[in-house]
Amino acid sequence: MEQRILVVEDETGIADNITFALQTEGFAVQCCTTGGEARSCLAEGGVDLVVLDIGLPDTNGFDLCKEIRKVSDVPIIFLTARSEEIDRIVGLEIGGDDYMVKPFSPRELSARVRAVLRRSGRGAKDSGAPAGSPLAIDPNRKIVTYFGTPLELSRTEFRLLEALMSRPGWVFSRDQLMEMAWEEPEASLDRTVDTHIKTIRAKLRAVRPDINPIRTHRGLGYSLRESW
């Protein structure tokens, strides 16, 4: 089932770019341009995450967030043209889950949406390795098994493998993987992803040296094999 993202943004060009990026990632997107419309959409239910612009024509995004938090714990990612630290702090303290300053990369926003959904426990219901895969994940116990053998993974390695398993065959860029697996992705180098992937591959080969489940796409990123 597609996850539904509510985009509250009054600038048409930005809303269109966000919609295209999220739909490309497999999300169902609903857009509105005012706080009033957002309230109506949220009242209907079924929203998995809100992308919320702070500067709306009829209300302030911070005020709308406070209203939402009184009745819902739906994840919220703020969008704003303001980069002052105090704005970021206020946004997070009143209940925002993440914060992006314009201009931003729609692809990065997509990665952050997935990361926030994962952290909030609202990840895709049908995520995980496909039927017949020797890789299995227990998200509650934080355990991945490979051909029935539990893997000894660090927290970052677990999150990387969890990200790859969420969409077998999908090519994740290093930046996307960093957003999904690191607590502070901005403090890490993209080559750090390569190092962790190498370590994960070594642990997988220790179980089955004849199979390489993680594929490298030069200049693009990594994917988990789709069929076994």
Intermediate values then yes/no, side-chain contact (heavy atoms from CB on, under 4.5 Å), Leu135 and Thr145: CA-CA 6 Å; Leu135 274 166; Thr145 57; over 6 Å; no
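- With respect to Arg205 and Asp210, no salt bridge is recorded, no charged nitrogen being found less than 4.0 Å from a carboxylate O.
- In this structure, Ile54 is a member of the same hydrophobic cluster as Val101, with clusters built from ILVMFWY side-chain heavy atoms closer than 4.5 Å.
- Residue Glu152 places its CD atom among 12 or fewer non-hydrogen atoms of other residues, nucleotides or ligands, all under 6.0 Å distant.
- In this structure, Arg112 contributes its side chain and Tyr99 its backbone to a donor-acceptor pair below 3.5 Å.
- Although no hydrogens or angles enter the test, the distance criterion places a donor-acceptor pair under 3.5 Å between the side chain of Asp58 and the main chain of Gly35.
- Counting non-hydrogen atoms of neighbouring residues, nucleotides and ligands closer than 6.0 angstrom, the CZ atom of Phe20 reaches no more than 12 such neighbours.
- Contact between Ile94 and Phe62 at its shortest, heavy atoms only, is CD1-O, 3.5 Å.
- Without hydrogens or angle criteria, Arg114 side chain to Glu25 main chain gives a donor-acceptor distance under 3.5 Å.
- Using a 4.5 Å heavy-atom cutoff, the side chains of Val8 and Val50 are in contact.
- A donor-acceptor distance shorter than 3.5 angstrom exists from the side chain of Arg69 to the backbone of Gly95, with no hydrogens or angles considered.
- A 4.5 Å side-chain heavy-atom check between Ile5 and Gln30 finds every atom pair outside the cut-off.
- Here the shortest heavy-atom pairing between Gly148 and Pro150 reads O-CD, 3.6 Å.
- The two atoms that bring Ser166 and Phe172 nearest to each other are OG-CZ, 3.8 Å, heavy atoms only.
- Cluster annotation: Phe104 and Val113 are assigned to the same hydrophobic cluster (Ile/Leu/Val/Met/Phe/Trp/Tyr, side-chain heavy-atom contacts under 4.5 Å, transitive).
- Here the CG atom belonging to Leu79 is positioned 6.0 Å from the CG atom belonging to Leu109, to the nearest 0.5 angstrom.
- Taking the side chain as every heavy atom from C-beta outward, Thr80 and Met100 never approach each other to under 4.5 Å.
- Electrostatic pairing of Arg4 and Asp48 does not count as a salt bridge here, judged by no charged N lying under 4.0 Å from a carboxylate O.
- Each of Leu160, Leu161, Ile143 was compared with Leu153 under the side-chain contact (heavy atoms from CB on, under 4.5 Å) criterion, and only Leu161 meets it.
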Working for side-chain contact (heavy atoms from CB on, under 4.5 Å), residues Asp10 and Ile14: CA-CA 8 Å; Asp10 64 325; Ile14 294 176; over 6 Å; no
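- Of all the heavy atoms in Leu22 and Ser110, the pair that sits closest is CD2-OG, 3.8 Å.
- A salt bridge does not link Lys142 to Glu162: none of the charged nitrogens lies less than 4.0 Å from a carboxylate oxygen.
- The side-chain heavy atoms of Tyr146 and Pro134, taken from C-beta on, include a pair separated by under 4.5 Å.
- Separation of atoms CG (Leu52) and CD1 (Ile68) is listed at 6.0 Å; rounding is to 0.5 Å.
- Tyr222 has its side chain within reach of Asp194: a pair of non-hydrogen atoms, C-beta onward, lies under 4.5 Å apart.
- Between the CZ atom of Arg159 and the OG atom of Ser154 there is a distance of 10.0 Å, given to the nearest 0.5 Å.
- In this structure, CG in Asp16 is found 7.5 Å from SG in Cys31, a value given to the nearest 0.5 Å.
- No side-chain heavy atom of Leu49 sits less than 4.5 Å from a side-chain heavy atom of Ile76.
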Residue pair Ile211, Phe147: steps toward the side-chain contact (heavy atoms from CB on, under 4.5 Å) verdict: CA-CA 11 Å; Ile211 301 176; Phe147 286 99; 3.7 Å; yes
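- Closest approach of Cys65 to Gly96, counting heavy atoms only: SG-N, 4.1 Å.
- Remark: Leu224 CG to Ser133 OG distance equals 6.5 Å, nearest 0.5 Å.
- In this structure, Cys32 and Glu37 approach most closely via the heavy-atom pair CB-OE1, 3.1 Å.
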Evaluation steps, side-chain contact (heavy atoms from CB on, under 4.5 Å), between Arg215 and His217: CA-CA 7 Å; Arg215 295 175 175 172; His217 302 263; 4.1 Å; yes
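- Looking at heavy atoms from C-beta onward, Asn212 lies in side-chain contact with Arg201 at the 4.5 angstrom threshold.
- Going from atom CG of Leu42 over to atom CG of Leu64 covers 7.5 Å, rounded to the nearest 0.5 Å.
- Contact annotation: the side chain of Glu9 never approaches that of Thr33 to less than 4.5 Å [non-hydrogen atoms, C-beta and beyond].
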